[in-house]
There are 2 protein chains.
Amino acid sequence: MTSDNFNLSEFLPYKLSVLSSRTTKMLSKVYGEKYGLSTPEWRVLVHVARREKMSVREIHDSVYLEKPAVSRAVAKLEKAGLLRKTTCDKDHRLVEIELTEGGLYVFNGIVPEALSFEAAILSAFSPEERDQLHDLMERLHDVLDRLPDATRRPQMDNDTSGKSSTEAH
Amino acid sequence: MTSDNFNLSEFLPYKLSVLSSRTTKMLSKVYGEKYGLSTPEWRVLVHVARREKMSVREIHDSVYLEKPAVSRAVAKLEKAGLLRKTTCDKDHRLVEIELTEGGLYVFNGIVPEALSFEAAILSAFSPEERDQLHDLMERLHDVLDRLPDATRRPQMDNDTSGKSSTEAH
DNA sequence: AGAAAATCGTTTCACTTGCAACGAATATCA
DNA sequence: TGATATTCGTTGCAAGTGAAACGATTTTCT
């Protein structure tokens, strides 16, 4: 029998899922307990904070969230006063989403904690190991991209500030 | 301003989540489309296949699934005829779960495909890099374990066959 | 211009999840 | 032994999710 000794706990997709779930769950305490944000809301908030105005579709394209998830997150964040939503003048199908002052305030409150959480996690690694991790994950994505029924991978958006993406590491 | 240039797409918890989601989603086609199993059902099935009889609690302890998720997955798998559920003689609170012949058949059909999916993913890596990946993920878990509000991490169960866990490779 | 197709954001619906509470069974301990 | 506490598996419920459908708007093409 060939599959007799299949061990779930050594199966890469399962291991990735467990690690990801634990990480997300522990991070969610940062934006959840203190600010009452869900994970989609947290993602939308920090993404919107990077640009002037953006539409639901732009968020959907760059963040790993389904369109309905973006729409609902935006609705909740608007109700909470963290962002403002107006219909675009030039194209009435589009909405223009931007942070309010309150949204910026929350953003500035959460991000340092999120970064310190990430720093705590990465503290176990040397700079070389962090590069390794990044590299391995990137190559994992590349393999997934080439598989038959490849799932959508959100586009990394062009950085408006900071180092250019063409710059060597 | 310190958090001006926070970039979600370079944030480790987010990156882990995206990679894990993509992997799980693509793997789920293996057990989903052809066998109609959900992810919890797939996990329960392959875990139960490793031992004689086990309880819901034992599954919950070793697999990253909430107790209700295990209970529901077991119920569905039983209804599908893939496993058998009987109340324990010695302790009537417990149930004894074991694979049926049909369950073993499905198991033997799925596992090779799952393993070949994993192999396809890992094909991009050298043996050393696979060890690196494993090592980095393990150390990530260790860090999470030591953090204040550490989330539960399922126990890796003792292997009944194959190499012992104390063996240095 | 006018019909048809495409796009955008929202909503609907069925399904899944996570958490707490529950009844049943056993263990603990006076 | 009898009262209390604990454990086990299930269920209820509120919230979240994904896929398809929808109305509104714009684009495309004749």
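Reminder, nothing fancy here: chain letters follow the sequence lines and each chain counts from 1. In what follows, every heavy atom counts, from backbone to side chain, and hydrogens, waters and symmetry copies are set aside.
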Open item on the list: Hydrogens and angles aside, do R43(A) and S62(A) bring a side-chain donor and acceptor to less than 3.5 Å of each other?
Closed with: no
Gap between atoms [atom1] and [atom2], on [X] and [N] respectively (whole Å):
| X | N | atom1 | atom2 | result |
| --- | --- | --- | --- | --- |
| R93(A) | dT25(D) | CZ | P | 11 Å |
| H60(A) | dG18(D) | NE2 | P | 11 Å |
| L94(A) | dA6(C) | CG | P | 18 Å |
| D91(B) | dT6(D) | CG | P | 17 Å |
| R152(A) | dG18(D) | CZ | P | 10 Å |
| I59(B) | dT10(D) | CD1 | C1' | 14 Å |
| H92(A) | dG9(C) | NE2 | C1' | 15 Å |
| Y64(A) | dG18(D) | OH | C1' | 11 Å |

Open item on the list: Test: ring-ring contact (aromatic ring centres under 6.0 Å, His included). Region: residues 12-40 of chain B. Which pairs qualify, not counting sequence neighbours?
Closed with: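 As it turns out, the ring-ring contact (aromatic ring centres under 6.0 Å, His included) pairs with a partner in residues 12-40 of chain B, which skip direct neighbours, are Y31(B)-W42(B).
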Open item on the list: Can you work out whether K90(B) or E58(A) has the more 5'-proximal nearest nucleotide on DNA chain C?
Closed with: E58(A)
Task: Presence of salt bridge, K34(A) and E113(A), under 4.0 angstrom - done: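 Between K34(A) and E113(A) there is a salt bridge, with a charged N closer than 4.0 Å to a carboxylate O.
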TODO: Please determine if a side-chain N or O atom of S55(A) lies less than 4.0 Å away from the OP1 or OP2 oxygen of dG9(C).
DONE: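 Result: yes.
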TODO: Report yes if a side-chain nitrogen or oxygen of R57(A) is closer than 4.0 Å to either non-bridging phosphate oxygen (OP1 or OP2) of dC8(C); otherwise report no.
DONE: yes
Task: Flag, side chain of R139(B) to backbone of F125(A), donor-acceptor distance under 3.5 Å - done: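 No.
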Open item on the list: Between D135(B) (side chain only) and D131(B) (backbone N and O only), is there a donor and an acceptor less than 3.5 Å apart?
Closed with: no
TODO: Using heavy atoms and a sub-4.0 Å distance, could you list which residues of residues 65-73 of chain B are near DNA chain D? By number, please.
DONE: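 Contacts with DNA chain D under 4.0 Å: K67(B), P68(B), S71(B), R72(B).
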Open item on the list: Angle between the two end axes of the helix from dA1(C)-dT30(D) to dA30(C)-dT1(D), five base pairs per end, rounded to 10 degrees?
Closed with: 20°
TODO: On DNA chain D, check which nucleotide each of K76(A) and D89(A) is closest to and give me the residue with the more 5' one.
DONE: K76(A)
Open item on the list: L82(B) vs L37(B), test: side chain to side chain contact (heavy atoms under 4.5 Å, CB included). Steps then yes/no.
Closed with: CA-CA 11 Å; L82(B) 304 190; L37(B) 299 183; 4.1 Å; yes
Open item on the list: K29(B): which residues meet the salt bridge (Lys or Arg N to Asp or Glu O under 4.0 Å) condition with it, sequence neighbours left out?
Closed with: none
Open item on the list: The criterion is salt bridge (Lys or Arg N to Asp or Glu O under 4.0 Å); which residues satisfy it with D145(A), sequence neighbours excluded?
Closed with: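 For D145(A) the salt bridge (Lys or Arg N to Asp or Glu O under 4.0 Å) partners, ignoring immediate neighbours, are R153(A), R22(B).
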TODO: Could you tell me which residues satisfy side-chain hydrogen bond (donor to acceptor under 3.5 Å, both in side chains) with K15(A), sequence neighbours excluded, listed by chain and number?
DONE: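 Scan of K15(A) (side-chain hydrogen bond (donor to acceptor under 3.5 Å, both in side chains), adjacent residues dropped) gives H134(B).
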